[in-house]
Amino acid sequence: MRKLLISALAAAVFSAVAFAQDENVQEESFKPKIKKSEIVLKLEISPSAQINTSGSLSSLSLPDPVSFDGAQYADNTGINVAAEYYYYFFNFLGVGGGFKQQFSRHVDRFGDVAISNLYVSIKPKLKLKPAEGSKCTEFVYLIAQGGFGFLNNDFEIQDVNKNAVPTKTESGLYYGAGLGFQLNNFIIECIFSVNEAKIKGDGDMAGNPVSGTLDASYASTNLNVGYRFGF
């Protein structure tokens, strides 16, 4: 999964170069006139999310080690909000950072998941040629994000019999990539993102200690709408 998103980040950088070349050959009347800075506010809907793991947890009180052969899926739609700032060193490339709050949603055998993300972001932009007589300003862009996600609570791990397994959860990296469309100051995006975490046995079950580690990746698909303020 990480390799896929790293590849997407590389594609975003290469696209920036391609977008720059495209700008150079456009007619003067269609060159983008982008303000140097912008703030973008977003509402994100996450229709699907899942947790994938590797490793296992074990205890003498458990009949079998706790591991997950497949993904565990979220039971409900997720709601997120985000705020981002970009500075445009070139008309075609914004560089900045943001904050995203992923509000609580339930994942089977993991409990409620809520995460606060801080990240840097790049946004290569390409202005579309408007129809003759149109007053709209339209862009398509790629977006790549990378940073750290702070878990708002520990995962509540359960074994196959739905018994609670005592653990502690460590926060980890956040990264995402996607595609967006801007019409005047309104934006629509589709972003795939991942939060990594480490889950360690921490405590006893019926007097027997729980040991082992699970490496977890919380992956979600997000459909975003928002508004930008240029200055």
Side-chain angles (χ1 to χ4, degrees), residues 1-16 18-19 38-54 71-74 76-88 92-105 107 110 112-126 139-153 155 169-182 186-198 215-228:
M1 188 70 70
R2 184 183 295 181
K3 290 182 179 179
L4 178 62
L5 285 171
I6 291 175
S7 298
L9 177 60
V13 174
F14 289 134
S15 295
F19 290 173
E38 68 178 7
I39 292 174
V40 185
L41 303 180
K42 303 178 185 178
L43 173 65
E44 306 187 352
I45 306 298
S46 177
S48 64
Q50 63 188 60
I51 294 180
N52 295 280
T53 63
S54 61
Q72 302 297 307
Y73 293 92
N76 57 307
T77 299
I79 302 294
N80 312 324
V81 293
E84 296 172 352
Y85 167 80
Y86 290 96
Y87 183 82
Y88 285 83
F92 63 89
L93 180 63
V95 179
F99 170 82
K100 176 165 71 173
Q101 178 61 48
Q102 298 172 250
F103 294 110
S104 181
R105 68 192 305 187
V107 177
F110 283 84
D112 293 330
V113 178
I115 309 173
S116 301
N117 297 300
L118 286 173
Y119 53 88
V120 295
S121 183
I122 63 173
K123 183 159 66 170
K125 255 182 175 181
L126 174 64
F139 296 87
V140 293
Y141 57 88
L142 299 177
I143 188 166
Q145 305 168 340
F148 197 83
F150 299 89
L151 293 167
N152 298 163
N153 53 274
F155 292 147
T169 310
E170 297 178 0
S171 300
L173 296 176
Y174 164 82
Y175 42 93
L179 179 69
F181 173 74
Q182 177 186 324
F186 296 93
I187 62 105
I188 300 173
E189 296 175 346
C190 180
I191 295 179
F192 180 77
S193 64
V194 175
N195 281 95
E196 295 186 349
K198 191 176 293 290
D215 292 315
S217 295
Y218 173 70
S220 62
T221 301
N222 308 289
L223 304 176
N224 309 338
V225 295
Y227 191 84
R228 63 175 293 279

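Not measured: the values here are computed from a predicted model. Counting begins at 1 with the first residue of the sequence.
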Residues that [X] engages under side chain to side chain donor-acceptor pair (under 3.5 Å), provided they are two or more places apart:
X    : result
N117 : Q102, N195
S116 : Q101, N152
N76  : none
E170 : K200

Would you please name every residue forming a side-chain contact (heavy atoms from CB on, under 4.5 Å) with [X], sequence neighbours left out?
X    : answer
A197 : L151, F155, T169
D112 : S104, H106
F186 : Y227
Y87  : K36, S37, Y85, F89

Is there a side-chain contact between [X] and [Y] (heavy atoms, below 4.5 Å)?
X    : Y    : result
N224 : I188 : no
I191 : Q145 : yes
F92  : P124 : no
I45  : T77  : yes
E84  : Y119 : yes

Where [X] and [Y] come nearest, the two heavy atoms and their spacing:
X    : Y    : answer
N52  : A71  : OD1-CB, 3.3 Å
Y174 : G149 : CB-N, 3.9 Å
R105 : A74  : NE-CB, 3.6 Å
A216 : I51  : CB-CG2, 4.1 Å
F103 : A114 : C-CB, 4.2 Å

Subject >> Short side-chain to backbone donor-acceptor contact, S121 and A144, under 3.5 Å >> reply: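 The answer is yes, because a donor-acceptor pair under 3.5 Å joins these two groups.
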**OP:** Decide, yes or no, whether a salt bridge links E189 with K123 under the criterion of side-chain N to carboxylate O below 4.0 Å.
**Re:**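 A salt bridge is absent here (no side-chain N lies under 4.0 Å from a carboxylate O).
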Ignoring hydrogens and geometry beyond distance, is a side-chain donor-acceptor pair present between [X] and [Y] at under 3.5 Å?
X    : Y    : result
N222 : S193 : yes
K125 : Q182 : yes
Y218 : Q50  : no

**OP:** Would you please name every residue forming a ring-ring contact (aromatic ring centres under 6.0 Å, His included) with F99, sequence neighbours left out?
**Re:**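 Partners of F99 by the ring-ring contact (aromatic ring centres under 6.0 Å, His included) criterion come out as none, since no residue qualifies.
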Original post:
Can you name the residues that form a ring-ring contact (aromatic ring centres under 6.0 Å, His included) with Y86, not counting sequence neighbours?
Top reply: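 Checked Y86 against ring-ring contact (aromatic ring centres under 6.0 Å, His included); zero matches.
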Subject >> Among L179, L223, I143, side-chain contact (heavy atoms from CB on, under 4.5 Å) partner for C190 >> reply: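 Result: among L179, L223, I143, L223 is the only option passing the side-chain contact (heavy atoms from CB on, under 4.5 Å) with C190.
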